[in-house]
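It should be emphasised that the depicted structure is a prediction, and the values quoted were computed from it without experimental measurement.
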Amino acid sequence: MMEAANAEEIQLRHVEKDVLIPKLMREKAKERCAEKVEAFNHCCRESGLLMAFKCREENSVLKECLTLHYKDPMFFEECKQEYIRDKLEFERTGIPSKNRKQKLPTSM
């Protein structure tokens, strides 16, 4: 259980807590709300200049999904732990996590 102890001891910088972890949260929330992101994007493509008017429903459903994640303390904790694991791995290997694991393209 050494890893968990390490993660707790790590002091995160202000920029990590306020910028980098929220950025990770936004990325992960988009993955978790993928269907709603796709529905909104599809609506925008179909609606052209009228998208602000026509896609209000899709937009509010998407915002609701994302906000649910942003306000979830468990989700923040999960993202924080992932950030710390990546940080420790980078310090150990010198390889950024983006280069270690190939991410799936968001649009198929």
Side-chain angles (χ1 to χ4, degrees):
M1 199 61 192
M2 188 66 184
E3 218 174 88
N6 275 350
E8 282 311 304
E9 289 164 26
I10 286 187
Q11 289 298 307
L12 293 173
R13 299 187 329 267
H14 171 71
V15 69
E16 292 175 309
K17 273 191 280 212
D18 296 347
V19 179
L20 300 175
I21 293 171
K23 180 176 180 268
L24 179 62
M25 288 177 78
R26 282 194 301 277
E27 288 166 10
K28 290 183 80 64
K30 276 186 190 156
E31 288 169 18
R32 293 187 179 189
C33 298
E35 286 171 25
K36 292 158 184 77
V37 170
E38 187 46 49
F40 178 66
N41 288 341
H42 178 74
C43 180
C44 290
R45 283 194 299 271
E46 298 289 304
S47 305
L49 295 173
L50 296 172
M51 69 182 177
F53 179 71
K54 282 191 168 178
C55 302
R56 275 188 297 211
E57 179 63 31
E58 290 84 349
N59 189 27
S60 69
V61 168
L62 172 57
K63 272 191 180 146
E64 203 174 297
C65 181
L66 294 173
T67 303
L68 206 67
H69 286 89
Y70 299 156
K71 291 183 175 175
D72 179 358
M74 293 292 289
F75 184 63
F76 175 81
E77 194 52 41
E78 182 187 318
C79 291
K80 185 175 100 176
Q81 294 303 325
E82 182 178 325
Y83 176 83
I84 290 170
R85 279 195 306 275
D86 284 350
K87 180 180 169 155
L88 292 172
E89 187 66 15
F90 175 71
E91 286 170 1
R92 198 173 62 77
T93 64
I95 305 168
S97 67
K98 282 187 186 73
N99 299 345
R100 275 201 311 274
K101 54 180 187 263
Q102 283 299 320
K103 287 190 73 164
L104 292 170
T106 45
S107 57
M108 295 293 173

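Considering only residues two or more places apart in sequence or on other chains, E35 meets the salt bridge (Lys or Arg N to Asp or Glu O under 4.0 Å) condition with none of them. In this structure, the side chain to side chain contact (heavy atoms under 4.5 Å, CB included) partners of C33, at least two apart in sequence or on a different chain, are L62, C65, L66, H69. The side chain to side chain contact (heavy atoms under 4.5 Å, CB included) check on D18 picks up H14, with sequence neighbours excluded. Legend: residues meeting disulfide bond (SG atoms under 2.5 Å apart) with C79, ordered by chain and number and at least two apart, are absent. For R13, the side chain to side chain contact (heavy atoms under 4.5 Å, CB included) partners at least two apart in sequence or on another chain are V15, E16, K87.
Across every non-hydrogen atom of K17 and F76, the tightest pair is O-CE1, 4.4 Å. Residues V37 and K30 approach most closely at CG2-O, 3.9 Å, considering heavy atoms.
Annotation: the span from E77 atom CD to I21 atom CD1 amounts to 8.5 Å, rounded to 0.5 Å. Here CG of D72 is found 7.5 Å from CE of M25. Values are rounded to the nearest 0.5 Å. Rounding to the nearest 0.5 Å places NZ of K80 at 13.0 Å from CD of E78.
Side-chain contact between D86 and L24: absent, with no pair of heavy atoms (C-beta onward) separated by less than 4.5 Å. L12 has its side chain within reach of I84: a pair of non-hydrogen atoms, C-beta onward, lies under 4.5 Å apart. Looking at R26 and Y70, their side chains come closer than 4.5 Å, going by heavy atoms from C-beta outward.
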Report all side-chain donor-acceptor pairs from residues 46-59 shorter than 3.5 Å, counting only partners two or more places apart or in another chain.
residue: S47; atom: OG; partner: C43; partner atom: O; Å: 2.8

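Under the 4.5 Å side-chain heavy-atom criterion for Ile, Leu, Val, Met, Phe, Trp and Tyr, L88 and Y83 are members of the same hydrophobic cluster.
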